[in-house]
Novice: 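Below is a structure I'd like to ask you about.
Computed from a prediction, not measured in an experiment: that's the story for all the values here.
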Amino acid sequence: MKNVWPKEAGKQVKRIGILALQGCVTPHIPHIHGLGCEAVLIKRKEDIKNIDAYILPGGESSTMLKLIDVFGLESLLREEFQYKPVWGICAGVILMAKTVKHPEQRSFGLIDITVERNGYGSQLDSKEDFLENYTITYIRAPIIKSISKEIEVLARRDDFPVWITDKNQFMGTTFHPELNNNWPSPMHRAFFELIK
């Protein structure tokens, strides 16, 4: 995959990096272009250059961690995540969480939440739902079991937070908004507000 430019090439735009090692990557591109931003697919260290914000996509978090090791990205990503907006989606929330259970797993520990992997069940338990009149999808989604008082809950499902933010730098959704072809999604718009 090559990095993808928005329609208004040459215009000064924000560059949003999508960790593109595994998982649901390319459906984010039209949403990012809909914001007037450039989508940059991050696979190697050399892709991390002048990135304004990062999306950690849905997928398989343990596989992503293995590939982050294979490509030697962890220390550089940790450095970038210290001061740039990051949005974790499904598996991405797991990578951002301070504590991961079922089973325990290392993470970047960016946001003070505890998540349980595959909390809503297996792939067969995947389902569509609606949020802000917008179709979203849960795929082997984690459950956010606890959050710190500093975290704002933007939406819940079955009393569990499914959309959270620290109102400053980080955002997480346990569902996938990128699979809806109406772009940009309300969640992509909200993330963009953290970048500006």
Side-chain angles (χ1 to χ4, degrees), residues 1-59 64 68 71 73 76-93 95-96 108 110-111 128-139 141 151-155 161-196:
M1 291 186 288
K2 295 181 178 179
N3 291 339
V4 182
W5 291 80
K7 293 179 180 177
E8 298 180 70
K11 182 181 177 183
Q12 186 74 20
V13 298
K14 298 292 185 184
R15 304 180 83 227
I16 299 178
I18 312 169
L19 188 65
L21 300 175
Q22 185 268 343
C24 194
V25 174
T26 55
H28 285 286
I29 293 172
H31 292 274
I32 291 171
H33 288 179
L35 296 169
C37 297
E38 178 187 349
V40 181
L41 304 183
I42 305 294
K43 295 182 75 173
R44 296 177 174 81
K45 290 180 179 178
E46 51 267 33
D47 299 324
I48 301 175
K49 185 177 181 181
N50 299 322
I51 303 297
D52 295 296
Y54 289 88
I55 290 177
L56 304 179
M64 289 185 195
I68 285 170
F71 289 94
L73 294 174
L76 185 52
L77 288 175
R78 284 190 183 279
E79 183 178 328
E80 290 283 296
F81 294 167
Q82 286 182 17
Y83 54 91
K84 294 181 180 175
V86 182
W87 175 16
I89 299 160
C90 195
V93 168
L95 295 180
M96 292 179 72
F108 287 100
L110 302 177
I111 196 163
E128 285 189 343
D129 203 348
F130 296 94
L131 185 58
E132 297 187 3
N133 296 317
Y134 189 85
T135 303
I136 57 174
T137 308
Y138 292 90
I139 305 172
I151 306 300
E152 180 181 4
V153 178
L154 300 175
V162 295
W163 184 8
I164 58 172
T165 180
D166 71 345
K167 297 179 279 189
N168 180 44
Q169 183 182 1
F170 301 128
M171 193 174 92
T173 57
T174 61
F175 55 83
H176 293 252
E178 74 278 9
L179 300 178
N180 188 321
N181 288 334
N182 292 322
W183 45 71
S185 77
M187 297 77 203
H188 287 81
R189 290 182 187 277
F191 183 56
F192 185 62
E193 292 300 313
L194 296 180
I195 303 171
K196 290 194 293 187

Novice: Provide the closest heavy-atom pair for Tyr134 versus Pro177 in the form atom of the first, atom of the second, distance.
Specialist: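 Shortest heavy-atom contact: OH-O, 3.4 Å.
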
Novice: Go through it in stages, so that I can follow the logic: the residues are Phe130 and Thr135, the test is side chain to side chain contact (heavy atoms under 4.5 Å, CB included), and I'd like the CA-CA distance, side-chain angles, deciding distance and then a yes or no.
Specialist: CA-CA 5 Å; Phe130 296 94; Thr135 303; 3.2 Å; yes

Novice: Report the distance from atom CG of Leu19 to atom CG of Leu21, rounding to the nearest 0.5 Å.
Specialist: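 If we round to the nearest 0.5 Å, Leu19:CG and Leu21:CG are 4.5 Å apart.
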
Novice: Is Phe81 close to Leu56 at the side-chain level, that is, under 4.5 Å between some pair of heavy atoms?
Specialist: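 In short, these two side chains touch, coming nearer than 4.5 Å.
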
Novice: When you look at Glu46 and Lys49, which way does the salt bridge (charged side-chain N to carboxylate O under 4.0 Å, His left out) test go after all the steps?
Specialist: CA-CA 7 Å; Glu46 51 267 33; Lys49 185 177 181 181; over 6 Å; no

Novice: Minimum heavy-atom separation for Thr165 and Leu194, please, with both atom names.
Specialist: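 That would be OG1-CD1, 4.2 Å.
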
Novice: Between Met171 and Ala190, which heavy-atom pair has the shortest distance, and what is it?
Specialist: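 The pair with the smallest heavy-atom distance is SD-CB, 4.1 Å.
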
Novice: Please give me the minimum heavy-atom distance between His176 and Cys90, naming the atom from each residue.
Specialist: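 Closest heavy-atom pair between His176 and Cys90: NE2-CB, 3.6 Å.
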
Novice: Could you measure the distance from the CD1 atom of Ile151 to the CD1 atom of Ile111? Nearest 0.5 Å is fine.
Specialist: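 That separation rounds to 4.0 Å.
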
Novice: Look up atom CD1 in Ile16 and atom NE2 in His188, then write down how far apart they are to the nearest 0.5 Å.
Specialist: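 Interatomic distance, Ile16 CD1 to His188 NE2, rounded to 0.5 Å: 8.0 Å.
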
Novice: Working to the nearest 0.5 angstrom, can you tell me the gap between Leu179 CG and His31 NE2?
Specialist: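 If I round to the nearest 0.5 Å, the distance is 7.5 Å.
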
Novice: Please check: side-chain N/O of Glu178 versus main-chain N/O of Val25, any donor-acceptor pairing under 3.5 Å?
Specialist: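 Pair absent, no side-chain N/O of Glu178 close to backbone of Val25.
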
Novice: One pair to check against side chain to side chain contact (heavy atoms under 4.5 Å, CB included): Ile29 and Leu41. What are the steps and the verdict?
Specialist: CA-CA 9 Å; Ile29 293 172; Leu41 304 183; 4.3 Å; yes

Novice: Measure the spacing between CG of Leu73 and CZ of Arg44 and express it to the nearest 0.5 Å.
Specialist: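 Result: 9.5 Å between the selected atoms.
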
Novice: Rounded to the nearest 0.5 Å, what's the gap from CD on Glu80 to CG on Asp52? Could you check?
Specialist: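 Reported to 0.5 Å precision, the distance equals 10.0 Å.
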
Novice: Considering only heavy atoms from C-beta outward, does the side chain of Ile48 approach that of Leu77 to under 4.5 Å?
Specialist: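 A side-chain contact under 4.5 Å exists here.
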
Novice: For Lys84, is there any backbone N or O sitting under 3.5 Å from a side-chain donor or acceptor partner on Gln169?
Specialist: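 Yes: the side chain of Gln169 pairs with the backbone of Lys84.
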
Novice: Where do Ala39 and Ile18 come nearest, in terms of heavy atoms and distance?
Specialist: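 Closest pair (atom of Ala39, atom of Ile18, distance): CB-CD1, 4.4 Å.
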
Novice: So do the side chains of His28 and Ile89 get within less than 4.5 Å of each other, counting heavy atoms only?
Specialist: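 When only atoms from C-beta onward are counted, Ile89 and His28 do touch, with a gap below 4.5 Å.
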
Novice: Does the plane of the ring in Tyr138 sit parallel, tilted or perpendicular to the ring in Phe175? Use 30° and 60° as the thresholds.
Specialist: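 Geometry flag for Phe175 against Tyr138: perpendicular rings.
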
Novice: Step by step, would you call Arg189 with Leu35 a side chain to side chain contact (heavy atoms under 4.5 Å, CB included)?
Specialist: CA-CA 7 Å; Arg189 290 182 187 277; Leu35 296 169; 4.2 Å; yes

Novice: Measure across Val13 and Cys37 and return the closest heavy-atom pair with its distance rounded to 0.1 Å.
Specialist: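 Heavy atoms of Val13 and Cys37 come nearest at CB-CA, 4.3 Å.
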
Novice: Less than 4.5 Å apart, any side-chain heavy atom of Phe192 and any of Pro184?
Specialist: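 With C-beta onward as the side chain, the pair stays apart.
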
Novice: Classify the ring geometry between Phe191 and Trp87 as parallel (under 30°), tilted (30 to 60°) or perpendicular (over 60°).
Specialist: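 Phe191 and Trp87: tilted rings.
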
Novice: Quick check: do Ile136 and Trp163 have side-chain heavy atoms less than 4.5 Å from each other?
Specialist: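 No. Closest side-chain heavy atoms not under 4.5 Å.
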
Novice: Could you walk me through whether Ile51 and Ile42 pass the side chain to side chain contact (heavy atoms under 4.5 Å, CB included) test, one step at a time?
Specialist: CA-CA 10 Å; Ile51 303 297; Ile42 305 294; 4.1 Å; yes

